[in-house]
Participant: 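Please see the structure below; I have some questions.
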Amino acid sequence: MVEQDWMTEVRALVGKEYGRVYAWDPVNAPMARQWCEVMGVAHPVHGGEGLVPPAMLQVWCMEGLHQNNYPPGSTKENPYEALQLIEAQGYGSVVAVNSELEFARYLREGEKLYYTTRLDAVGEEKTTGLGTGFFVTLVMTYFSQREDGDEQVGTLLFRVFKFRPASAPAPKVKRPMPGVSDDTRFFWEGARQGKLLIQCCKACASLRHPPGPVCPDCHSFEWDALEASGRATLYSFVVMHYPEVAPFDHPNPIGLVELEEGTRLVAQLVGVDPAKLEIGQQLEVEFQQFDGDLTLPQFRPAAA
Ligand code: ZN
């Protein structure tokens, strides 16, 4: 694969040394003590007077609370320019992969540090579980300032993966399942068998929907189920445009449907142009199965 021009530009930076970033403060006991408290380690460590934990190496040259706030004399260069160039090509995500500290010796209170940065490597384009991108390795070298020549005291290798996230397939959203109770089970089981069952009072013969335990007309608890013909008219409707909620189609026409037996129910309208729905138009039921375990009655315009 031929690499793009922009990558040639990035690779030209490999090996580049970036200028010094100075420490705000000399190596000091208060910072060491607080660091030990936070990390839960004993202080003083290693028994030596004035010695500080080696793992604090990075701490001494940190910018502090405010981003890019480095002491006077520090470089104005951006040691992360390669990351910026890669990001500009759409590799917007980053994850730290390795951080390796090496120490040449213990540091002692009063030493004044700085570090320089080298862009060590930019890998070939790789595809990982996270996505496709580039491993970028930076090496920071830490020095202690001395009158007889600055002394290298440690290095920090820092490797990141700068990547374009893998686009995960959108999870399949199922239709919400109805809450099924002893009062409504007959309706959903009927639908599964392709029957539109309507509750009918045994005492006064009035129909009711949605199902309930008591007849609202005569208060009888006795009921039966009547199989409706499925022929109906459109009593009213709404067309849902927003919000667009999966898995429903949009716009989503929903009808209040009057069955020829005389009761009404709410159902999705199918096979219709939402702009051409008309109150009173003739409809007929059909049953559609969703997600393998849900059957819903829906209504479409009646065949002429
Ligand atoms: Zn009744």
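Below, each value reflects all heavy atoms present in this structure, side chains not excepted, and no hydrogens, waters or symmetry copies. Residue indices begin at 1 and follow the sequence shown.
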Participant: Give a yes or no answer on whether the side chain of Arg164 reaches the backbone of Glu87 with a donor-acceptor pair at less than 3.5 Å.
Facilitator: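 No; zero donor-acceptor contacts below 3.5 Å.
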Participant: Tell me whether Asn78 contacts the main-chain N or O of Tyr80 through its side chain, where contact means a donor paired with an acceptor under 3.5 Å.
Facilitator: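 Between the backbone of Tyr80 and the side chain of Asn78 there is a qualifying donor-acceptor contact (under 3.5 Å).
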Participant: Rounded to the nearest 0.5 Å, how far does CG of Leu156 lie from OH of Tyr142?
Facilitator: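 Interatomic distance, Tyr142 OH to Leu156 CG, rounded to 0.5 Å: 5.5 Å.
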Participant: Checking the side chain of Trp24 only, and the main-chain atoms of Asn69 only, is there a donor and an acceptor separated by less than 3.5 Å?
Facilitator: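 Checking the backbone N and O of Asn69 against the side chain of Trp24, a donor-acceptor pair under 3.5 Å is found.
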Participant: To the nearest 0.5 angstrom, please state how far the OG1 atom of Thr75 sits from the OH atom of Tyr70.
Facilitator: 10.5 Å
Participant: Heavy-atom count check: over 12 atoms from other residues, nucleotides or ligands less than 6.0 Å from Asp273 CG?
Facilitator: yes
Participant: In Å, rounded to the nearest 0.5 Å, how long is the span from CG of Leu277 to OG of Ser236?
Facilitator: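 Answer rounded to 0.5 Å: 10.5 Å.
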Participant: Considering only NZ, NE, NH1 and NH2 on the basic side and carboxylate oxygens on the acidic side, decide whether Asp120 and Arg159 come within less than 4.0 Å.
Facilitator: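 No, this pair does not count.
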Participant: Does any N or O in the side chain of Glu77 come within less than 3.5 Å of the main-chain N or O of Gly19, such that one atom is a donor and the other an acceptor?
Facilitator: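 Flag set: sc Glu77 to bb Gly19 pair under 3.5 Å.
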Participant: Using a 6.0 Å cut-off, check whether atom CD of Glu102 has over 12 heavy atoms from anything other than its own residue.
Facilitator: no
Participant: Got a donor-acceptor contact below 3.5 angstrom from the Glu261 side chain to the Ser229 backbone?
Facilitator: yes
Participant: Got more than 12 heavy atoms from elsewhere within 6.0 Å of NZ, Lys195?
Facilitator: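 No, the 6.0 Å shell around NZ holds no more than 12 heavy atoms from other groups.
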Participant: Can you tell me how far CD1 of Ile279 sits from OH of Tyr235, rounded to the nearest 0.5 angstrom?
Facilitator: 9.0 Å
Participant: As an exercise, state the distance from SG of Cys200 to CD of Glu227, rounded to the nearest 0.5 Å.
Facilitator: 13.5 Å
Participant: Within the distance-only criterion (no hydrogens, no angle test), does the side chain of Gln199 pair as donor or acceptor with the backbone N or O of Trp223 below 3.5 angstrom?
Facilitator: no
Participant: Among Val272, Leu256, Leu269, which one satisfies side-chain contact (heavy atoms from CB on, under 4.5 Å) with Phe237?
Facilitator: Leu269
Participant: What do you reckon, is CD of Glu151 surrounded by more than 12 foreign heavy atoms closer than 6.0 Å?
Facilitator: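 Counting other residues, nucleotides and ligands, CD of Glu151 exceeds 12 neighbours.
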Participant: Can you give me the closest heavy-atom contact between Leu197 and Phe186, atom names plus distance?
Facilitator: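 It is CD1-O, 3.5 Å.
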Participant: Scan side-chain atoms only and decide if Glu125 and Tyr91 contain a donor-acceptor pair under the 3.5 Å cut-off.
Facilitator: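 Yes, a side-chain donor-acceptor pair sits under 3.5 Å.
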Participant: Looking at Lys16, I'd like to know if its NZ atom is crowded, meaning that more than 12 non-hydrogen atoms belonging to other residues, nucleotides or ligands lie closer than 6.0 Å.
Facilitator: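 Above 12, so yes.
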Participant: Tell me if a side-chain donor or acceptor on Thr184 pairs with a main-chain N or O of Pro211 at a distance below 3.5 Å.
Facilitator: no
Participant: Has Glu222 got a side-chain atom pairing as donor or acceptor with Ala203's backbone, closer than 3.5 angstrom?
Facilitator: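 Absent.
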Participant: State, to 0.1 Å, how close Val97 and Phe161 come at their nearest heavy-atom pair, and which atoms those are.
Facilitator: CG2-N, 3.6 Å
Participant: Counting N and O atoms only, with roles assigned by atom type, does the side chain of His250 sit under 3.5 Å from a partner on the main chain of Phe248, one being a donor and the other an acceptor?
Facilitator: yes
Participant: Go through it in stages, so that I can follow the logic: the residues are Ser74 and Glu63, the test is side-chain contact (heavy atoms from CB on, under 4.5 Å), and I'd like the CA-CA distance, side-chain angles, deciding distance and then a yes or no.
Facilitator: CA-CA 11 Å; Ser74 299; Glu63 58 207 308; over 6 Å; no
Participant: Classify the ring geometry of Tyr114 against Phe143: parallel below 30°, tilted from 30° to 60°, perpendicular beyond 60°.
Facilitator: parallel
Participant: Under the side-chain hydrogen bond (donor to acceptor under 3.5 Å, both in side chains) criterion, do Thr141 and Thr155 qualify, and how do the steps go?
Facilitator: CA-CA 4 Å; Thr141 306; Thr155 58; over 6 Å; no
Participant: How long is the span from the CE atom in Met140 to the OH atom in Tyr18, to the nearest 0.5 Å?
Facilitator: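 Separation between the atoms: 11.0 Å.
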Participant: Has Arg175 got a side-chain atom pairing as donor or acceptor with Pro247's backbone, closer than 3.5 angstrom?
Facilitator: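 No, because the side chain of Arg175 does not come within donor-acceptor range (under 3.5 Å) of the backbone of Pro247.
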